[in-house]
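Have a look at the structure below, then the notes.
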Protein chains: 2
Amino acid sequence: MDTEFKEAYFNTAIVTSVVLFGFEDDKLKILTIPQEFEPFKGASVLPSKYVRVNDSVESKVKEIMNELTDVDFEYAEQLKAFTKVFRNPLGRVVNIAFYALVKINDEVLARCEKNNAKWEDYNQIPDLAFDHNEIIDYAKERLKRRVKRRPIGFLLLPKYFTINQLQKLYEIALDREMDKRNFRKKIFNSELIIETDMEDTSGRKAAKLYKFDEERYEKLSLKGYDFLF
Amino acid sequence: MDTEFKEAYFNTAIVTSVVLFGFEDDKLKILTIPQEFEPFKGASVLPSKYVRVNDSVESKVKEIMNELTDVDFEYAEQLKAFTKVFRNPLGRVVNIAFYALVKINDEVLARCEKNNAKWEDYNQIPDLAFDHNEIIDYAKERLKRRVKRRPIGFLLLPKYFTINQLQKLYEIALDREMDKRNFRKKIFNSELIIETDMEDTSGRKAAKLYKFDEERYEKLSLKGYDFLF
DNA sequence: CCAAAAGTGTTCGGAATACACCCATGA
DNA sequence: TCATGGGTGTATTCCGAACACTTTTGG
């Protein structure tokens with residue numbers, strides 16, 4: 001069709017931003033990086049990329065994650081499109097935001113450092129440019145919902161973890177304190193975690209280490225199993 | 001900035017589609033209309049509009065709803081962006097889809113007829129053009145979740161309704177049969193509905209008519225109340 | 001008179017909650 | 001030795017699920 005039509009409608013840019021959640025030092029964290037270009041150059045933002053006309057949005061999310069973590073891909077899911085009409089001199093930008101979960105390890109930390117990225121505390125997110133704080137709020141709500149229905153804790157914690165680490169994670173994500181005994185009861189009833197013979201000896205008293213039973217989870221998921229926290 | 005940059009990034013069209021849910025004849029319905037232009041002219045699609053550079057997406061959703069219903073606005077909420085790279089000769093199109101709830105009445109039916117729109121049965125949605133069936137599947141999931149946490153039945157039913165109508169709605173949305181006695185217990189426990197002295201005499205035995213207690217719901221919502229179905 | 005839809009209570013089991021003390025160890 | 005964090009069991013309450021019969025009336 002004619003150029004006039006094309007110019008009237010095909011004139012929006014797509015950006016994708018990723019709210020990357022990680023767990024470190026018994027705390028939930030969200031990754032921010034300094035904005036590379038104008039506008040807001042230097043301000044903290046969520047890791048983001050333009051989506052060009054033949055790019056899939058998901059491939060851009062993967063690129064972001066591959067640059068900042070050491071695994072091909074862990075878990076990402078679209079939140080929604082953020083469409084506020086910003087006064088960007090270049091034109092209209094729509095942000096298709098994702099939330100994603102990664103296990104933080106030394107390699108991840110090294111890559112983040114190389115990119116000047118910073119893991120901000122879940123409860124102390126600084127002011128970010130654009131509407132990125134709004135995106136984070138939305139992502140937190142999504143996390144809250146997901147954590148109740150799917151065992152996503154296992155995507156955030158290291159392979160071997162203590163029950164107390166898991167509980168900390170739930171407490172932060174759900175924003176409430178929980179009773180130790182009731183928490184253990186619920187977790188062990190789910191039969192999704194396996195006790196190992198390893199221990200975490202970093203605290204006062206050694207703590208048993210557990211791992212997630214992925215096989216069992218796959219099987220249960222197929223049968224319409226609900227995690228229900 | 002330079003035109004080259006602008007052409008490289010600002011070249012996507014935004015469309016919004018609305019999955020409009022209604023309840024009529026004891027059944028949940030979704031509205032489709034015939035596609036007006038190529039491609040797929042004449043095929044059934046979800047009501048949709050281009051979003052131009054200075055339009056808010058929400059305003060376009062309202063336009064769609066105002067054309068097809070008789071109220072300014074009832075309830076709409078973004079689902080997510082559908083971003084598949086379609087072979088549209090014009091270029092890349094991103095669809096920011098919404099789901100919305102309306103009360104079907106004679107005025108609505110008249111407007112729909114005028115627009116050749118059709119209320120399709122929730123469980124017998126025909127093949128639609130583009131990825132609109134995928135959007136509907138996503139909307140159904142959202143409805144399922146919402147119906148459990150918020151009393152959205154009251155946005156779909158007429159002002160006065162019977163308990164059995166409400167139950168039918170829940171049964172379709174949640175895709176399972178429910179026990180009459182348990183259903184009533186749960187609904188009455190919520191204290192969100194008010195008995196009226198009217199009756200629906202269209203069936204064999206007259207049925208009591210109820211209405212939603214909006215005031216009470218507002219108050220409860222403020223206190224972080226959860227509907228929990 | 002009978003088919004079809006409205007209306008109504010009780011019992012049971014499982015899950016959520018509340019709650020308090022002992023143990024091991026590093027400082 | 002004591003402060004810190006790990007680990008454990010029971011009683012109560014509440015909610016969801018299962019379940020069957022009576023009433024009204026249009027055909």
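Convention: sequence-line order gives letters A, B, ...; per-chain numbering from 1.
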Between which nucleotides of DNA chain D, read 5' to 3', does contact with chain B run, using atoms under 4.0 Å from its heavy atoms?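 So the contact region on DNA chain D extends D:dA17 to D:dG26.
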
Can you spot which of A:Ile135, A:Asp137, A:Leu143 makes a side-chain contact (heavy atoms from CB on, under 4.5 Å) with A:Val19? A:Ile135

Let me know which of B:Tyr210, B:Tyr75, B:Phe161, B:Tyr217 forms a ring pair (Phe, Tyr, Trp, His ring centres under 6.0 Å) with B:Phe154. B:Phe161

Flag if over 12 foreign heavy atoms under 6.0 Å of CD, B:Glu214: no

Of the non-hydrogen atoms in B:Pro34 and B:Gly42, which two are nearest, and what is the gap between them? CB-O, 4.1 Å

If you compare all heavy atoms of B:Phe23 against all heavy atoms of B:Leu156, which two are closest, and at what distance to 0.1 Å?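 Answer, listing the atom of B:Phe23 first, then B:Leu156: CB-O, 3.9 Å.
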
Counting only heavy atoms and a strict 4.0 angstrom limit, can you tell me which residues of residues 190-204 of chain B come near DNA chain C?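 Heavy-atom contacts with DNA chain C come from B:Arg204.
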
Please work out which residues in residues 161-181 of chain B have a non-hydrogen atom less than 4.0 Å from an atom of DNA chain C and list them by number.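 B:Asn164, B:Lys180, B:Arg181, in order of number.
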
For A:Arg216, check salt bridge (charged side-chain N to carboxylate O under 4.0 Å, His left out) against everything at least two apart and list the hits.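 If we apply the salt bridge (charged side-chain N to carboxylate O under 4.0 Å, His left out) test to A:Arg216, skipping adjacent residues, the hits are A:Glu191.
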
Show your reasoning for whether side-chain contact (heavy atoms from CB on, under 4.5 Å) applies to A:Ile193 and A:Phe188. CA-CA 7 Å; A:Ile193 73 161; A:Phe188 291 134; 3.7 Å; yes

Want to settle it: does A:Asn182 or A:Ala206 sit nearer the 5' end of DNA chain D, counting the closest nucleotide to each? A:Ala206

Return whichever of B:Lys205 or A:Arg184 has its heavy-atom-nearest nucleotide of DNA chain D closer to the 5' end.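 Here A:Arg184 is the residue nearer the 5' end.
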
Apply side-chain contact (heavy atoms from CB on, under 4.5 Å) to A:Ser202 and list each qualifying residue two or more places apart in sequence or on a separate chain.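 So A:Ser202 forms a side-chain contact (heavy atoms from CB on, under 4.5 Å) with A:Asp200.
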
Identify whether any heavy atom of B:Lys185 sits under 4.0 Å from a base atom; if not, whether one sits that close to sugar-phosphate; answer base, sugar-phosphate or nothing. base

Inspect the contact between B:Glu199 and B:Lys205 and indicate whether a charged nitrogen and a carboxylate oxygen are less than 4.0 angstrom apart. no

Partner residues of A:Phe227 under the ring pair (Phe, Tyr, Trp, His ring centres under 6.0 Å) criterion, sequence neighbours left out: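 None.
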
Who are the side-chain hydrogen bond (donor to acceptor under 3.5 Å, both in side chains) partners of A:Arg204, not counting sequence neighbours? none

Considering residues at least two apart in sequence or located in another chain, which fulfil the side-chain hydrogen bond (donor to acceptor under 3.5 Å, both in side chains) criterion with B:Asn115? none

Watson-Crick or G-U stems involving DNA chain C, each at least 3 pairs long, distances under 3.5 Å, ordered by first number: C:1-27 with D:1-27

Within residues 218-229 of chain B or reaching into it, pairs that qualify as salt bridge (Lys or Arg N to Asp or Glu O under 4.0 Å) - sequence neighbours excluded: B:Arg149-B:Asp226

I need the full list of salt bridge (Lys or Arg N to Asp or Glu O under 4.0 Å) pairs touching residues 15-35 of chain A, with sequence neighbours left out, sorted by first then second residue.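 For residues 15-35 of chain A, and leaving out neighbouring residues, the salt bridge (Lys or Arg N to Asp or Glu O under 4.0 Å) pairs sorted by first residue read A:Glu24-A:Lys29, A:Asp25-A:Lys27, A:Asp26-A:Lys168.
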
Going 5' to 3' along DNA chain C, which nucleotides are the first and last within contact of chain A (any atom under 4.0 Å from a heavy atom)?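 The footprint of chain A covers C:dA16 to C:dG26.
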
Report yes or no: does A:Gln167 contribute a side-chain atom to a donor-acceptor pair with the main-chain N or O of A:Met178 at less than 3.5 Å? yes

